Amino acid sequence: MKRTHRETIKLSGEWKIRVDGLDGQEETVLRANLPGTLDENRVGVPHSAISAQHLNREFTYEGSAYYETTVNIPKHWAGKQLSLLMERSRETELYVDGYLVGKQSSLVTAQVYDISKEALPGIRTITIKVDNAAGVMSWPQIRNSHIASEETQTNWNGILGRIVLEAKDAVWIEDIQVFPNDGKRKAVVMVQVNKATQGQASCTILLRCENSEGSISESLSFHLGDQVRDTKQWMTLSLGSDMKLWDEHQPFLYRLHAEMKAESPSGDYYDEREVSFGIRRFEASSKGFLMNGKKIFLRGKHDGAVFPLTGYAPMEVAEWRRIFAIAKSYGINHYRFHSWCPPEAAFQAADEIGILLQPELPLWDPGHALEDDEQWQYYREEAFRMLRAYGNHPSFVMFAWGNELGGSLERMEQLCEECRRTDARRLYAIGSNNFFAQARVPRNSDYWTTFWTEGKWNFRTPGYGGMHVRGATPHHIRGHINNLPPSTMQDYRHATRHVPIPVIGHEVGQFQVHPDFQELEKYQGVLKPNNLEAFRKRLEENGLLHKAKLFQRASGQLAVLCYREEIEAALRTPNFGGFQLLDLQDFPGQGTALIGILDAFMESKGLIEPEQWREFCCETVPLLRMKKFIWTNDETFKASVQIAHYGTFDLSESVLAWSVQVEANGFVIANGRMPIRTIEEGGVLDLGGLETDLLAVKDAVKLVVKLEIVDTDYRNIYPLWVYPDSGTPVIPFAVVVCRHLDETTKAMLLSGSKVLLALDPERVSGGGAMSFIPDFWCYSMFKKYGPPGTLSIYCDPEHPALKHFPSEFHTNWQWWNLIKNAKTMNLDVLPNAVEPIVGVVDNVHRQFKLGLLFEAKLGEGKLLVCSMELLKQLDRPEAKQLFISLLTYMDSEAFAPTVEITNEILEKFIQSNEGKGHDLVALQQNADQYG
């Protein structure tokens, strides 16, 4: 038999395009390169409007675009089965020589047209109509999804990836699906054979699977009847005793080669195909997820299709390898694709690197998902197209229908059941954070992605809050990081105690980081950072542009601190499924949510190195459980140690070494070793307690507790602050402490006194309340909830006012009570030269000059103004210590303010900063809506 392999003609290159409505013309004919988009070819309406909500396109076009080229169909293709494949596009129609072949609308899998009847040998004109405005592209739930949203991927018009004509014999292999069975060391293979000829055919299929020891073969012969057009044949491959499994640690892949030979009266036919697959079993139980029988913890990342250079997802494996390798360097082992599905290249790269994927349908509809019959049929078909296209990839472990859906629960559950019956190689869920307004365990879902397990969405209800499984929410008065005194005791075991399926924390984090604007030069593609430029202009107008880098570093360090607490709270929870961060990288849409430690290009902001991040975000993490971060030197420091271990193997005969050290000089206060007989893989192990007295501490100091599993890379470091138990602070004779600016205070200042104006925060309203955590997501989106909108403090740790109050240049846990009992002062009315000793980073939508502590000279007097409550919380060691540090500073020669203000300026400042203040929550009409 003569073997004839499939032949292809690549259609990449220059095409003629016809679009409507450009430059007032009914139709414009241009040239464009494919694969690509109209944006990349600079075709469309120049986009002059600037939005601060997201990145801005230079050119936009919505409607029908006709892409046309000619191709010479070879003579020897006569009688072949011909198809045209477009790897990714919008809703399309295909014409050959002006005749309509058909219409397709898959947005997440390749569109393949059978053109056997139309594309006869000779010169043929191929015309493809791509419409990004009509049909399914007009549906709000698709336009809102990340497959088409202007917030990130954009609603491009074009054709991406492979564009090819393919010729194959008239009996061919249509599909191969591999169903591994690790328990029996076998793989069941389904081979679908199609036939386009008349008459009968005798067929033989030969499978050959390559592994490290050689190859495994299996053959099957069968008969195709006269009327049979397709058949599915099932074969079993025995993989042998050396069968290798696929997981995040060792992503071993097999390569399967399939040959098909067919003989019939009309001729002989041949075809061959290859697929890769991995042997893995991903399961859900009441105690979490299992990979190949071992517990696994999902350290996930949200992906909202942020690709600023192109406005669409990469179609090349190499770029996805780069992206996943960066994520994995930060300990990420899981990706959730929010309301979209990436291309084949992403699945292939994830297979190779060991990333567990959850794609979703292009569906974001919080009200009426799947209720419409036409849409239900479309999404149902799209789900099965995804299973067929990507089902062999071992990285494809989970499948959910979309983001925060409301609508037909019955149909969501039905689709889970239908997909599970068709393909049990992965887990299914009705969506991510569906029906969140009334938390309830989803039926017929294998797992539950949610931000809470109990609660009703109505923030006006007293006591509202529910059982959260993340540490921060859009309401700054909810979530443990901002509202419970800091400790390492918080976990979610109580919130998940009644849930019979694994729970994943939904969109965890969302902590803003101020931009430094150095990334502006990176935007060399189709999307322009007009939003960032608008923020930069506002910062410059407010005289703060020179602080942009400091603002990024300070807010970024606090974001890292809060992300760490989010991650560790999840790791501390027994039988928890995992988390999905929002996000490791920035999301430059939906108001511009700069919530990443990486920028929109997945490049570092310099906030933390990957190996430092992995100390608290990897497969094995030592955890310290302590009730507080603030101690006095007359106390005994007590804590307990746990190990969250989800590695490949048990750790046998291990030792955990611990030490309590002075951070500044490494002086060891106490240390010890905890022998560990075995750390079993797949859970949280209690190792026991540690304690030490703190009598060696004489002055205020920052200590660190270091945990390390000896002879491994697994370590973790925790801060704590120890202050001397010094009794009631004594106010120096030369210093006056007052609460309000009255005539007596003014007179003392004018006569040369040193005055500490310790404002009552309840009367300060100039800048408003302050949040410990950075503002959630972005201020413009959630300001209806009345958030403080602040991002961090900033200060000079070497400033003599802070000499006896150890601090970094940013917020850390010792500031928690001080910040929570403070109001920010708006310093804009003061001379520009007045710099806060403790400043506050404001969000990019306001960019006020804010502070908590500043000094000035008034007449012969010296003034220090503080809007943190100190006097009413002197029972707290950190407040007392800061008070002592300020008093000591004021009683020294170092207290020498250089910027002079007048009585009038001070009175104006006080008038602008004292008043009733504003409510914690703005009671707006639509404030109960999440987005």
Side-chain angles (χ1 to χ4, degrees), residues 107-108 139-149 284 289 298 300-305 334-342 356-372 375-387 390 396-420 423 426-455 457 469-470 499-508 577-582 929-931:
L107 305 178
V108 294
W139 296 354
Q141 49 270 81
I142 283 179
R143 296 294 288 267
N144 290 338
S145 78
H146 286 135
I147 201 71
S149 170
F289 293 105
L298 298 181
K301 178 197 176 304
H302 160 286
D303 189 288
H334 166 54
Y335 255 64
R336 176 229 166 179
F337 293 95
H338 176 309
S339 66
W340 77 291
C341 176
L356 283 63
L357 305 184
Q358 179 198 280
E360 295 177 359
L361 294 171
L363 176 59
W364 190 354
D365 185 347
H368 304 285
L370 307 184
E371 290 179 350
D372 179 82
Q375 293 176 3
W376 157 242
Q377 187 62 28
Y378 172 80
Y379 281 114
R380 184 174 176 274
E381 292 173 356
E382 194 82 318
F384 285 106
R385 284 191 286 260
M386 285 175 60
L387 290 179
Y390 310 124
F396 185 4
V397 299
M398 307 157 78
F399 193 3
W401 305 148
N403 182 67
E404 293 175 354
L405 305 178
S408 176
L409 176 60
E410 179 182 359
R411 283 177 166 173
M412 296 176 199
E413 293 173 343
Q414 178 184 335
L415 189 54
C416 281
E417 185 60 34
E418 291 181 2
C419 288
R420 193 179 291 115
D423 189 344
R426 55 199 44 85
L427 303 180
Y428 297 93
I430 61 172
S432 296
N433 203 37
N434 285 16
F435 302 100
F436 64 81
Q438 178 70 64
R440 54 189 172 185
V441 179
R443 300 172 305 188
N444 214 14
S445 286
D446 296 317
Y447 58 96
W448 187 13
T449 304
T450 182
F451 64 73
W452 59 358
T453 59
E454 293 180 15
W457 191 265
V469 291
R470 67 183 188 191
V499 183
I501 56 178
V503 174
I504 303 172
H506 174 73
E507 296 184 353
V508 166
F579 57 81
Q580 293 166 346
L581 293 181
L582 183 56
Q929 300 174 8
Y930 182 73

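Only a predicted model underlies this, so the values are computations on that prediction, with no experimental measurement involved.
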Could you pull out the closest heavy-atom pair between [X] and [Y], with the gap in Å?
{"X": "Cys416", "Y": "Tyr428", "answer": "SG-CB, 4.1 Å"}
{"X": "Ala369", "Y": "Met412", "answer": "CB-CE, 4.0 Å"}
{"X": "Val469", "Y": "Val508", "answer": "O-CG2, 4.5 Å"}
{"X": "Asn434", "Y": "Gly402", "answer": "OD1-O, 4.0 Å"}
{"X": "Trp401", "Y": "Ala383", "answer": "CZ3-CB, 4.4 Å"}

Of all residues at least two apart in sequence or in a different chain, which pass the salt bridge (charged side-chain N to carboxylate O under 4.0 Å, His left out) check with Asp446?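 With sequence neighbours excluded, Asp446 shows a salt bridge (charged side-chain N to carboxylate O under 4.0 Å, His left out) to Arg420, given in chain and number order.
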Hits for salt bridge (charged side-chain N to carboxylate O under 4.0 Å, His left out) against Glu410, two or more places apart or cross-chain, chain-then-number order -> none
Any [X] side-chain heavy atom under 4.5 Å of [Y] side chain:
{"X": "Asp303", "Y": "Trp340", "result": "yes"}
{"X": "Leu356", "Y": "Met398", "result": "no"}
{"X": "Tyr378", "Y": "Leu363", "result": "no"}
{"X": "Ile147", "Y": "Ile142", "result": "yes"}
{"X": "Ser149", "Y": "Trp364", "result": "no"}

Check whether any side-chain N or O of [X] sits under 3.5 Å from a backbone N or O of [Y] as a donor-acceptor pair, and report yes or no.
{"X": "Ser445", "Y": "Ile430", "result": "yes"}
{"X": "Asn433", "Y": "Glu404", "result": "no"}
{"X": "Arg470", "Y": "His506", "result": "yes"}

Atom [atom1] of [X] and atom [atom2] of [Y]: how far apart are they, to the nearest 0.5 Å?
{"X": "Leu361", "Y": "Leu415", "atom1": "CG", "atom2": "CG", "answer": "7.0 Å"}
{"X": "Glu454", "Y": "Gln438", "atom1": "CD", "atom2": "CD", "answer": "10.5 Å"}
{"X": "Glu507", "Y": "Phe579", "atom1": "CD", "atom2": "CZ", "answer": "14.5 Å"}

Take Leu357 and Tyr390 through the test side chain to side chain contact (heavy atoms under 4.5 Å, CB included) and record every step on the way to the result. CA-CA 11 Å; Leu357 305 184; Tyr390 310 124; over 6 Å; no
Residues [X] and [Y]: side-chain donor-acceptor under 3.5 angstrom:
{"X": "Gln358", "Y": "Ser432", "result": "yes"}
{"X": "Tyr379", "Y": "Gln375", "result": "no"}
{"X": "Asn444", "Y": "Glu413", "result": "no"}

Under the ring pair (Phe, Tyr, Trp, His ring centres under 6.0 Å) test, residues paired with His334 that sit two or more places apart: none
Ile504 and side-chain contact (heavy atoms from CB on, under 4.5 Å): which single residue from Phe451, Trp448, Tyr447 fits? Tyr447
Would you mind checking if Glu360 and Arg336 are paired as a salt bridge, meaning a charged N to carboxylate O distance below 4.0 Å? yes
Lys/Arg cation over aromatic Phe435: Arg440, 6.0 Å, 45° cone: yes
Give the intermediate values and the outcome of side chain to side chain contact (heavy atoms under 4.5 Å, CB included) for residues Leu409 and Arg443. CA-CA 9 Å; Leu409 176 60; Arg443 300 172 305 188; 3.4 Å; yes
Go through it in stages, so that I can follow the logic: the residues are Asp365 and Asn144, the test is side chain to side chain contact (heavy atoms under 4.5 Å, CB included), and I'd like the CA-CA distance, side-chain angles, deciding distance and then a yes or no. CA-CA 8 Å; Asp365 185 347; Asn144 290 338; over 6 Å; no
Relative to each other, are the rings of His146 and His338 parallel, tilted or perpendicular (30° and 60° limits)?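 Rings of His146 and His338: tilted, as their planes differ by 30° to 60°.
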Over 60° means perpendicular and under 30° means parallel, so classify the ring planes of Phe337 and Tyr335, tilted if in between. tilted
From CA spacing to verdict: side chain to side chain contact (heavy atoms under 4.5 Å, CB included), Phe396, Leu387: CA-CA 9 Å; Phe396 185 4; Leu387 290 179; 4.3 Å; yes
